[in-house]
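Notes to accompany the following structure.
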There are 2 protein chains.
Amino acid sequence: MPKLGMEPIRRDALIKATIAEIAQTGALEVTVSRIARRAGMSSALAHHYFGSKDAMFLAAMRHVLSVYGAEVRGALAAADGPQARVQALIRASFTPTSFRREVIAAWLNFYVLAQTRADAARLLGVYQRRLVSNLGHALRPVAGARARPLAEGVAAMIDGVYLREALGAGEPDGRAAARMVEDWLAAQLRTA
Amino acid sequence: MPKLGMEPIRRDALIKATIAEIAQTGALEVTVSRIARRAGMSSALAHHYFGSKDAMFLAAMRHVLSVYGAEVRGALAAADGPQARVQALIRASFTPTSFRREVIAAWLNFYVLAQTRADAARLLGVYQRRLVSNLGHALRPVAGARARPLAEGVAAMIDGVYLREALGAGEPDGRAAARMVEDWLAAQLRTA
DNA sequence: CTTTGTTGATTGACCAGTCAATAAACAATC
DNA sequence: GATTGTTTATTGACTGGTCAATCAACAAAG
């Protein structure tokens, strides 16, 4: 039965199962056994590949963050000019890939984890600062000295819209969410 | 040793200890024993008064939400005129009472809890809708038909600023946070 | 002596992590 | 191409510990 080269497949399955399990049962009740069962293997194998439950959490976080990071880079590469770059950054946070119940739930749990776990906080901080930095640079040609505070406002707005969608009843609407942030930013830019 | 009339005192101590413990150790590792010890009693007594761990969580949530609700009502009562009411609503979310690391941490954990626990979601939903509703009514005289979408934007902004402060390194600065939301709203109102 | 407050001890369940054992795939040697 | 050994994949069974919840018993106050 055992086939070689299973490691990457198993790791991937476990990471996805971890995210799914966290989203479904909440971080309070996730167990290695449940994750492993969802990923179609024994809990012993999960330990074999990740060593500990904590390591699995961290790996899952890194996965979510790297997917998001890739999306941002892709959108930036395709953007032409300052306005387009700002728009790309905002919309990248609300693409169908990232803006799904499951992924949103993962982000929420990562926020909570980052409150007490230093490594999680560090990981999250990197991405948060990068977003503000990216926004700041993109806004510089348009807003000059106001670029930095504006970038922080946009970042806050993105997070806030994220939250409300995560907790709202209906299906998350990425297009509407992005438009909201863009509208608010546009109004800011129109005021001297 | 036993003194009569201890129930309200014990309940209060347990609720506060629950919040403190969640903030300190994170929702993943809270145990009834730790909470009870922090509140100065045995775990058996904690069960005696609340019946279950879940009930303690819910009671703690209700406490945080009721404190916040009282603050909002107080601010609204003292406000005169539409602008003052909007300002009061925004600032009430960032008073020193509510805008402390510990309370922020509690809110974050409640958000996560609300993803999987129906009663928590219901409780949170009531307060979220009330905030948007309050903001909408206060904005009506100033913004007319735009009041509702503006209210949703302000609410999102409040949540977002909350989040970023909760995860930032420095001490939360409520005054600056409130000013930021007010500035963004002012810019929105200045555009037809 | 009943009500209220309080705890130590106990229980039953569960969980993270370990380990020994098995089985396939691969590789080298004869 | 048969033999032998090595690596990788995989699991069932086990362990040490912890936790939520229960209970019996005790102490004060009315």
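A, B, ... follow the sequence lines: proteins, then strands. Residue 1 opens every chain.
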Rounding to a whole Å, what distance do you find between [X]:[atom1] and [N]:[atom2]?
{"X": "K53(A)", "N": "dA16(C)", "atom1": "NZ", "atom2": "P", "answer": "4 Å"}
{"X": "E29(A)", "N": "dA20(D)", "atom1": "CD", "atom2": "P", "answer": "12 Å"}
{"X": "F50(B)", "N": "dT22(D)", "atom1": "CZ", "atom2": "P", "answer": "16 Å"}
{"X": "L14(A)", "N": "dA16(C)", "atom1": "CG", "atom2": "P", "answer": "13 Å"}
{"X": "H48(B)", "N": "dA24(D)", "atom1": "NE2", "atom2": "C1'", "answer": "15 Å"}

(request) Under 4.0 Å between any heavy atoms, over every strand shown, what does S52(B) touch: base, sugar-phosphate, or nothing? Just pick one. (result) sugar-phosphate
(request) Assign T31(A) to base, sugar-phosphate, or nothing according to its heavy-atom contacts below 4.0 angstrom with the strands shown. (result)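 Answer is sugar-phosphate: T31(A) comes under 4.0 Å of backbone atoms only.
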Nucleotide nearest [X] (side chain, heavy atoms from C-beta), chosen from [options]:
{"X": "M41(B)", "options": "dT22(D), dG12(D), dT7(C)", "result": "dT7(C)"}
{"X": "E7(A)", "options": "dT22(D), dA9(D), dT6(C)", "result": "dA9(D)"}
{"X": "S33(B)", "options": "dA20(D), dA16(C), dT6(C)", "result": "dA20(D)"}
{"X": "A44(A)", "options": "dT18(C), dA20(D), dG5(C)", "result": "dT18(C)"}
{"X": "Y49(B)", "options": "dT6(C), dT10(D), dG17(C)", "result": "dT6(C)"}

Counting just side-chain N and O atoms, does [X] come under 4.0 Å of either OP1 or OP2 of [N]?
{"X": "H47(B)", "N": "dA20(D)", "value": "no"}
{"X": "R10(B)", "N": "dT6(C)", "value": "yes"}
{"X": "R34(A)", "N": "dC15(C)", "value": "no"}

(request) Would you please say whether a donor-acceptor pair under 3.5 Å links the side chains of Y68(A) and S93(A)? (result) yes
(request) Run the salt-bridge test on R85(B) and D80(B) with the 4.0 Å N-O cut-off and return the result as yes or no. (result)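 No, this pair does not count.
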(request) Any chance you could lay out the side-chain contact (heavy atoms from CB on, under 4.5 Å) test for E152(B) and R148(B), step after step, and finish with the verdict? (result) CA-CA 6 Å; E152(B) 272 160 18; R148(B) 177 71 199 196; 3.1 Å; yes
(message) Quick check: closest heavy atoms across A17(B) and I35(B), and the distance to 0.1 Å?
(response)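 That closest heavy-atom pairing would be CB-O, 3.5 Å.
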(request) Considering non-hydrogen atoms only, spot the tightest contact between A166(B) and R101(B) and give its length. (result)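 Minimum heavy-atom separation between A166(B) and R101(B): O-NH1, 3.3 Å.
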